[in-house]
Colleague: 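First, the structure itself, so that you have it in front of you.
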Amino acid sequence: MSPSPDETPTLPQGPGFGVTFLYYFVGSALVTTLMATQTLGIGLETGRANPFGLLFGVIGGLVGASLNRSSTLTLTCPNQKTFKQQLTNILAEMGYSEVPDAREDGILVYQRTGLSGRFSGKIYVLIAGKIANLGSRASHLRRLRQQLEKAGIR
């Protein structure tokens, strides 16, 4: 089913910085607090393990959110066909392949093959006119941007 002329497709939006920070903060704080109680031999009721959990929770939250939050990258592409071919080649070098028939709304989906594809996430590409919007994890887009700049695409 193709989108009607009134419905412009949009890239899927994943969690932003706040939700991703919270996810990694809670996980890191909980694991660190429990590890501190076991290794230091103190009980949770003393509250002495909580500062460790808080510190490592903030660090884990910041690192996790900076690497794994959802982000978008907007590029100009004078020729859609050439851009798509260059992008497909660069993504293939990074281990991604296009998912055939993934969506019918004009959004291209790229995913790593095998087990790594289950954990690394997808890259969504929407090419409209002379603009290409890419959406994925921030760490993937940073790496992709470097590869695109090496190929002369900005």
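Just so you know, residue 1 is the first one in the sequence shown, and it goes up from there. Below, all heavy atoms of this structure are taken into account, side chains as well, without hydrogens, waters or symmetry copies.
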Colleague: How long is the span from the OG atom in Ser71 to the CZ atom in Arg137, to the nearest 0.5 Å?
Modeller: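 It is 13.0 Å, given to the nearest 0.5 Å.
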Colleague: Do the side chains of Ile107 and Ile123 join up, straight or via other hydrophobic residues, at under 4.5 Å, putting them in one cluster?
Modeller: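 Ile107 does not cluster with Ile123.
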Colleague: Could you tell me whether the side chain of Leu87 reaches within less than 4.5 Å of the side chain of Leu108, counting heavy atoms only?
Modeller: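 No, too far: nothing below the 4.5 Å cut-off.
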Colleague: For the residue pair Thr33 and Ala49, what are the closest heavy atoms and their distance?
Modeller: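 The pair with the smallest heavy-atom distance is O-CB, 3.9 Å.
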Colleague: Evaluate the side-chain proximity of Phe56 to Leu30: yes if any heavy-atom separation is below 4.5 Å, no if none is.
Modeller: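 They are not in side-chain contact.
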Colleague: Is there a donor-acceptor pair closer than 3.5 Å between any side-chain N or O of Thr20 and the backbone N or O of Ala65?
Modeller: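 Not confirmed, Thr20 side chain does not pair with Ala65 backbone.
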Colleague: What closest approach, in Å, do Val58 and Phe21 show between heavy atoms, and which atom pair accounts for it?
Modeller: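 Heavy atoms of Val58 and Phe21 come nearest at O-CE1, 3.8 Å.
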Colleague: Taking salt bridge (charged side-chain N to carboxylate O under 4.0 Å, His left out) as the test, write out the residues that go with Lys130, two or more places apart.
Modeller: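 Listed in chain order: nothing, the list is empty.
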Colleague: Please report the shortest heavy-atom distance between Pro9 and Leu126, naming the atom on each side.
Modeller: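 Scanning both residues completely, I find the closest heavy atoms to be O-CD2, 3.2 Å.
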Colleague: Just by modelled atom types, is the Ala128 backbone N or O under 3.5 Å from a matching donor or acceptor in the Gln80 side chain?
Modeller: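 No; zero donor-acceptor contacts below 3.5 Å.
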Colleague: Restricting to non-hydrogen atoms, name the atom on Leu11 and the atom on Gly135 that form the minimum distance, rounded to 0.1 Å.
Modeller: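 Where Leu11 meets Gly135 most closely, the heavy atoms are CD1-N, 3.7 Å.
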Colleague: CG of Asn133 to OH of Tyr124: how many Å apart, nearest 0.5 Å?
Modeller: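 So the gap between those two atoms works out to 15.0 Å.
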Colleague: Is it true that a side-chain atom of Ser136 and a backbone atom of Lys122 form a donor plus acceptor pair closer than 3.5 Å?
Modeller: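 Judged by distance alone, yes, a pair lies under 3.5 Å.
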Colleague: Determine, step by step, whether Glu93 and Asn89 satisfy the side-chain hydrogen bond (donor to acceptor under 3.5 Å, both in side chains) criterion, reporting the C-alpha distance in whole Å, the side-chain angles of both residues, the deciding distance to 0.1 Å, and the verdict.
Modeller: CA-CA 6 Å; Glu93 291 173 9; Asn89 292 340; over 6 Å; no
Colleague: Got a list of side-chain donor-acceptor pairs under 3.5 Å for residues 140-150, not counting sequence neighbours?
Modeller:
| from | atom 1 | to | atom 2 | distance (Å) |
| --- | --- | --- | --- | --- |
| His140 | ND1 | Tyr96 | OH | 3.4 |
| His140 | NE2 | Ser120 | O | 2.6 |
| Arg142 | NH2 | Ser66 | O | 3.0 |

Colleague: I need the Ile153 CD1 to Gln86 CD distance, nearest 0.5 Å.
Modeller: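 Going from CD1 on Ile153 over to CD on Gln86, the span is 3.5 Å.
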Colleague: Any chance you could lay out the side-chain hydrogen bond (donor to acceptor under 3.5 Å, both in side chains) test for Asn68 and Tyr24, step after step, and finish with the verdict?
Modeller: CA-CA 10 Å; Asn68 292 320; Tyr24 284 97; 2.8 Å; yes
Colleague: Taking atom CZ of Phe52 and atom CD1 of Ile42, what is their separation to the nearest 0.5 Å?
Modeller: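 Reported to 0.5 Å precision, the distance equals 6.5 Å.
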Colleague: Would you say CZ of Phe17 has more than 12 non-hydrogen atoms from neighbouring residues, nucleotides or ligands within 6.0 angstrom?
Modeller: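 Enclosed.
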Colleague: Applying side chain to side chain donor-acceptor pair (under 3.5 Å), can you list everything that pairs with Thr88, at least two apart in sequence or on another chain?
Modeller: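 For Thr88 the side chain to side chain donor-acceptor pair (under 3.5 Å) partners, ignoring immediate neighbours, are Tyr110.
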Colleague: Which heavy atom of Gly57 sits nearest a heavy atom of Ser28, and at what distance?
Modeller: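 Scanning both residues completely, I find the closest heavy atoms to be CA-CB, 3.8 Å.
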Colleague: Among Thr72, Leu75, Thr74, whose side chain to side chain contact (heavy atoms under 4.5 Å, CB included) with Leu134 holds?
Modeller: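 Result: among Thr72, Leu75, Thr74, Leu75 is the only option passing the side chain to side chain contact (heavy atoms under 4.5 Å, CB included) with Leu134.
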Colleague: Could you state whether Leu73 and Ile127 fall into the same hydrophobic cluster, counting links through intermediate Ile, Leu, Val, Met, Phe, Trp or Tyr residues with side-chain heavy atoms under 4.5 angstrom apart?
Modeller: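 In one cluster: yes.
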Colleague: Measure the spacing between CG of Leu91 and CZ of Arg112 and express it to the nearest 0.5 Å.
Modeller: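 With rounding to 0.5 Å, CG (Leu91) is 10.0 Å from CZ (Arg112).
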